[in-house]
Amino acid sequence: MARIGVVTFPGSLDDRDAARAITVAGGEPVPLWHKDRSLAGVDAVVLPGGFSYGDYLRCGAIARFAPVMELVIDEARAGLPVLGICNGFQILCETHLLPGALTRNDSLHFVCRDQRLRIDSTSTPWTSDYEPGQEIVVPLKNGEGGYVADERTLDGLEAEGRVVARYLEVNPNGSRRDIAGISNAAGNVVGLMPHPEHAVEPLTGPSTDGLAFFTSILSRLVRA
Amino acid sequence: MERPVARVVVDVMLKPEILDPQGQAVHGALTRLGFTGVGSVRQGKRFEIELDGDLDDAARARIEELAGTLLANTVIEDYRVRVED
């Protein structure tokens with residue numbers, strides 16, 4: 001069975017939901033701790049949402065230097081699939097594995113809502129089970145989710161098909177070009193502000209639309 | 001006699017092209033309080049770093065590096081390092 005690591009930092013909140021989503025999708029979640037100096041041989045890594053290190057300095061700025069992140073960064077550059085959700089996306093931007101940054105919502109309010117998205121790239125190992133252009137609804141909850149990058153970077157992301165998901169109907173945080181998620185050039189590293197791991201079971205989510213992020217990576221790993 | 005402490009100040013500001021909604025909110029509050037004539041407000045961070053040892057060239061270089069890697073995210077922020085007397 002494919003083993004997917006879920007990193008817990010001090011202040012992580014959604015590590016349990018991420019682990020549960022992996023289980024529901026049919027994989028084996030492997031808990032990783034921020035001080036770990038081994039990735040325990042996992043096949044992929046999820047950096048979950050929350051407020052790592054209290055969001056002090058900038059969201060993700062201190063987590064980026066956690067011992068486990070040195071390994072994640074090295075392995076991600078070598079092709080390890082990594083999904084950063086919310087705070088995980090912020091961490092990935094701080095590592096510069098992903099371009100741009102997440103800034104304070106333009107409304108200055110923390111936003112918590114069921115958010116409609118369009119999956120714009122299905123060529124990543126985290127989105128291959130979606131149909132191109134598929135619309136999904138998953139929870140979104142952030143205070144600093146405004147995606148910013150310079151115009152050249154934004155144009156490059158669009159031209160290379162690296163915008164993974166876009167906000168529909170409402171842009172909840174002022175993200176440039178309605179960007180909700182992006183990937184690195186190789187596609188193995190994906191960052192996403194909304195929370196697919198909260199939408200994997202009808203009892204607790206607004207939908208089960210988020211599950212395909214986790215089935216996608218599992219089917220990729222089984223094929224590999 | 002106590003040795004003077006070397007204090008280095010790092011100012012971090014959002015780059016001019018990055019929207020600063022916090023600064024805008026402060027600007028709005030100033031206007032509501034009757035402080036007219038304020039064109040704009042931008043909010044940043046100030047770090048005061050006190051060294052145990054002397055501020056030699058190596059220490060200065062180290063602080064520059066620290067400012068550019070941890071204290072500021074140079075994707076969205078500019079920083080300035082200066083020595084305070």
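A note on names: the letters A, B, ... follow the listed sequences, proteins ahead of strands, and every chain is numbered from 1.
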Can you tell me how far apart CG (B:Asp20) and OG1 (A:Thr103) are? Round to the nearest 0.5 Å.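 Here the rounded value is 9.5 Å.
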
Answer yes or no: are there more than 12 heavy-atom neighbours, outside A:Arg177 itself, under 6.0 Å from its atom CZ? yes

Heavy-atom proximity to chain A below 4.5 Å, by part of [X]:
X       : answer
B:Gln22 : both
B:Lys45 : side chain
B:Ile18 : side chain

With sequence neighbours left out, write down each residue that passes side chain to side chain contact (heavy atoms under 4.5 Å, CB included) with B:Ala25, or none if nothing qualifies.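 Here the qualifying residues are A:Leu108.
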
Listing, residues 109-117 of chain A side-chain donor-acceptor contacts under 3.5 Å, not counting sequence neighbours, or none:
unit_1   : atom_1 : unit_2   : atom_2 : d
A:Arg113 : NH1    : A:Gln115 : OE1    : 2.7
A:Gln115 : NE2    : A:Leu168 : O      : 3.3
A:Gln115 : NE2    : A:Val170 : O      : 3.0
A:Arg116 : NE     : A:Glu169 : OE2    : 3.2
A:Arg116 : NH1    : A:Glu135 : OE1    : 3.3

Only pairs of heavy atoms separated by less than 4.5 Å count here; which of B:Ile76, B:Asn73, B:Val12 has the most with chain A?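 The residue among B:Ile76, B:Asn73, B:Val12 with the greatest pair count is B:Asn73.
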
Who in residues 60-96 of chain A is close to chain B, using a strict under-4.5 Å heavy-atom cut-off?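 Contacts with chain B: A:Ala61, A:Phe65, A:Glu94, A:His96.
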
Heavy atoms under 4.5 Å from chain B: which residues of residues 143-167 of chain A carry them? A:Val148

A:Arg58 side-chain N/O to B:Leu70 backbone N/O, donor-acceptor pair under 3.5 Å: yes

